[in-house]
Amino acid sequence: MIRPELQRPTGTQDILAPQSWRFEKFRRIALDTAKAYGFDLIETPVFEQSAVFLKVGESTDIVQHERYAFTDVGGDDLTLRPEGTAAVARAYIQNGLYNEPKPLKVVYWGPMFRRERPQAERYRQHTQFGAELYGSEDPAADAEIILLACRVVERTGLKDPDVRINSIGCVDCRPAYRQALIEYYTERRAELCQDCQNRLEKNPLRLLDCKVDVVVRATAPDLSTFWCEACRTHIEAVTAAIGATGRAIRRDPFLVRGLDYYTRTVFEVGHPSLGPNTALFGGGRYDGLTGAMGGPESPAVGFGMGIERMLSALGTALTPDPQRGAYVANLPGFQTHAIAVAESLRGEGFAVDYDVMGRSLKAQLRDASRRAAVVVIIGGEEWERGVVEIKDFSSGEQQAIGRHDLGSYLRHHLERDSDGGTTA
RNA sequence: GUGGAUGUAGCUCAGCUGGUUAGAGCACCAGGUUGUGGCCCUGGGGGUCGGGGGUUCAAGUCCCCUCAUUCACCCCA
C-alpha cells in the first residue's frame, strides 16, 4: 500500500459509501423516532470550555485521561467533547431551558472524542446519538428514555438487545453501601488484581465491574440490600414500566457506570455479536449534574448510543440498495444536449447521471450499466427527429421513444428516488 | 498506560531454506464495429515490497530501531 505522508489520525476513520449512507439512514430513523416520542433536536459545539467536562468527571477516565484538550491562539482552554451529557447540561443551563415547560426532552447527534487506544468497535472519534430528559424525578422519565433507545434499536432492525438495569442508589443510601463495599474488599485486598486495588482507592463502586476478581465479587455486598425505600420503589417502577411494554429487561447487580454523575438508575445495552464488554448504548439518571455545574437543581435522565457499534451489530442491515436511475449517454457532438436532457429529468425528480469524461459510447454504456437501470442515448438522426433510444439493462431491450415521452417512460420503469441514494 | 499479532499493487493475497528487470485474482483504463453495456479475448496504467539503519558478493526474504495497523487489558459508546 502506498503510504501517503498525510494519514488520518490514529483511531479515526474515513467513512465511505455505502457505510456513509448507512450512517445517514440510521440518523434519519433515530431522529424521526425521537420526534415521534416528543423529543426536540439540540446541537451543541463539538468543543467546550474544558471546565464543562472537568466539573463532572473527577474520577471519570474519559475526562481525566482521555481528553482532547487544547489551548487556542487566544489562550482559551478548550476540550473536544468526550460525551454529550455535560455539553447538553451546559446548554440547558446557559439557555435557561429550565424555564421551558417541563419536562424538557432533547436528543443530540454528533461526534465524540476520546484519546483511547483503539481496538474493536472503539475509536478516538465516534458518533453518538443521545437523549436527555430534564425536570422529572418520576420513574416514568427513566422508562421514557430507555424506551426511546429500545425503539430506535428495534426500528433500525437490531434483534435481541441485552438490556440490563441497576440502581446505584442515592445520596441517602449509597454512602452506606460504599462503606460496606470498601470494608469487604479491604479485608480481601491481597486477593485482588492490581486494577482492583487501584479501584478500591479511586472509585470503589467500579470494583463490581471487574472481570478478573469475580470470585471475590460473588460474595460482595449487594447494592439492592442497601437501597433506601425511595430508590427501591423507583427502580421497581422503571423495571415494571419497561416490562409492561413487552420488552425484556433484567437487573444486573454488578452494573455500575464510568461517568460519576449518575444517581439511582443506570442501564446498559449490549449485543451478542459484540462481546460482553461492548455497550451499544448506556445511560442513567443524573439528578445532581446541573446543580454541580452551577445551574439550578434539575433531575434528569439520559442515554448515549454508539452508532458505529450499532451499525456493526446490525450486520448488513440498513445497507442501501445501489442507486438505479437513468444514465444519459451521448453520441459524439451531443454532450450539451445530453446534459440538458439529464438536468431536465433531474428536475422531475429522477436519479440521473451522465458522462463527464468525454468517453466513447461504448465506454459510456459500460459505465452506465454499472450505475443505472436504463440508459438514454442522445444523438444522431434520431435526435433530429425528436427521438431518443432508451435501453433497459435488465432486459437488454432497446426502443426509440419521443424525447418528450422520456419522463413518463421513466416514471413507469424506475422507482423515483430522491432521498440521497437510499431506497428503503 | 500495559501486552500480543501484523505490515508486498486500489482490494484479497502468492513470493520455497536470501540470488537475475517483484507476481496472481479482482478492480480500473483502452482496443477487439463505422453509434451500444454485462460474457469472452488482447493490451495497458498502477508497487522505492511501511520507513530508517545493519549483516551479506547479494534482502521483499536475516537482525535492530521506528512508524502504522490490529487484537486484548484498562476504560468506555
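Only heavy atoms go into these numbers, but all of them, side chains included; no hydrogens, no water, no symmetry mates. First the proteins, then the strands, lettered A, B, ... as listed; each starts at 1.
For A:Gln197 and B:rU2, the CD to P distance is 20 Å, given to the nearest whole Å. For the pair A:Gln119 CD and B:rC74 P, the interatomic distance rounds to 9 Å; values are reported in whole Å. When rounded to the nearest whole Å, the span between CD of A:Gln364 and C1' of B:rC29 equals 15 Å. Protein atom CD of A:Gln194 is 15 Å distant from nucleotide atom P of B:rG3, rounded to whole Å. Atom CZ of A:Arg124 is separated from atom C1' of B:rU69 by 12 Å (rounded to the nearest Å). When rounded to the nearest whole Å, the span between CZ of A:Arg117 and C1' of B:rC73 equals 11 Å.
Evaluation of the ring pair (Phe, Tyr, Trp, His ring centres under 6.0 Å) rule for A:Phe226 yields A:Tyr177 as partners, not counting sequence neighbours.
Note on A:Ala363: only backbone sugar-phosphate atoms sit closer than 4.0 angstrom, heavy atoms only; bases stay farther off. The residue A:Arg257 sits close only to the backbone: its heavy atoms come under 4.0 Å of sugar-phosphate atoms, none of a base. Contact annotation for A:Thr10: backbone-only contact, meaning every heavy-atom pair under 4.0 Å involves sugar-phosphate atoms and none involves a base. The residue A:Ala368 sits apart from the nucleic acid: no heavy atom pair falls under 4.0 Å.
Within residues 145-153 of chain A, no residue has any heavy atom under 4.0 Å from RNA chain B.
Remark: the separation of the P atoms in B:rG45 and B:rG51 is 23 Å, to the nearest Å.
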Please list every donor-acceptor pair under 3.5 Å in which a side-chain atom of residues 394-401 of chain A meets a protein atom from a residue at least two apart or in another chain.
{"residue": "A:Ser394", "atom": "OG", "partner": "A:Asp392", "partner atom": "OD1", "Å": "2.6"}
{"residue": "A:Ser395", "atom": "OG", "partner": "A:Glu397", "partner atom": "N", "Å": "3.1"}
{"residue": "A:Gln398", "atom": "NE2", "partner": "A:Glu389", "partner atom": "OE1", "Å": "2.9"}

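The base of B:rA77 is paired with the side chain of A:Glu116 by a donor and an acceptor separated by under 3.5 Å. Counting atom types as modelled, A:Arg114 pairs a side-chain N or O with a base atom of B:rA77 as donor and acceptor under 3.5 Å.
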Checklist outcome for this item: For RNA chain B, the dot-bracket notation using Watson-Crick and G-U wobble pairs below 3.5 Å, [ ] for pseudoknot-type crossings and | for other-strand pairs, is (((((((..((((.....[...)))).(((((.......))))).....(((((..]....))))))))))))....
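Side-chain contact of A:Ser312 with A:Glu121: a donor-acceptor pair under 3.5 Å is present, judged by distance alone.
Under the 6.0 Å cut-off for aromatic ring centres, A:Tyr92 and A:Tyr134 qualify, their centroids lying closer than that.
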Report each atom pair, protein N/O against N/O of nucleotides 25-28 of chain B, whose distance is under 3.5 angstrom.
{"residue": "B:rC28", "atom": "OP1", "partner": "A:Arg370", "partner atom": "NH1", "Å": "2.8"}

Nucleotides 36-40 of chain B: which of its N/O atoms have a protein N/O under 3.5 Å away?
{"residue": "B:rU36", "atom": "O2", "partner": "A:Lys391", "partner atom": "NZ", "Å": "3.4"}
{"residue": "B:rU36", "atom": "O2", "partner": "A:Gln398", "partner atom": "OE1", "Å": "3.0"}
{"residue": "B:rU36", "atom": "N3", "partner": "A:Gln398", "partner atom": "OE1", "Å": "2.9"}
{"residue": "B:rU36", "atom": "N3", "partner": "A:Gln398", "partner atom": "NE2", "Å": "3.0"}
{"residue": "B:rU36", "atom": "O4", "partner": "A:Gln398", "partner atom": "NE2", "Å": "2.9"}
{"residue": "B:rG37", "atom": "OP1", "partner": "A:Lys362", "partner atom": "NZ", "Å": "3.4"}
{"residue": "B:rG37", "atom": "O2'", "partner": "A:Ser369", "partner atom": "OG", "Å": "3.0"}
{"residue": "B:rG37", "atom": "N7", "partner": "A:Lys391", "partner atom": "NZ", "Å": "2.8"}
{"residue": "B:rG37", "atom": "N1", "partner": "A:Phe393", "partner atom": "O", "Å": "3.1"}
{"residue": "B:rG37", "atom": "N2", "partner": "A:Phe393", "partner atom": "O", "Å": "3.4"}

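The 5' end of RNA chain B is approached more closely, in terms of each residue's nearest nucleotide, by A:Arg115 than by the other of A:Arg115 and A:Pro118. Judged by closest nucleotide on RNA chain B, A:Pro332 is the one of A:Thr278 and A:Pro332 placed further toward the 5' end.
Aromatic stacking of A:His126 on B:rA77: satisfied, with centres closer than 5.5 Å and planes within an angle under 30 degrees.
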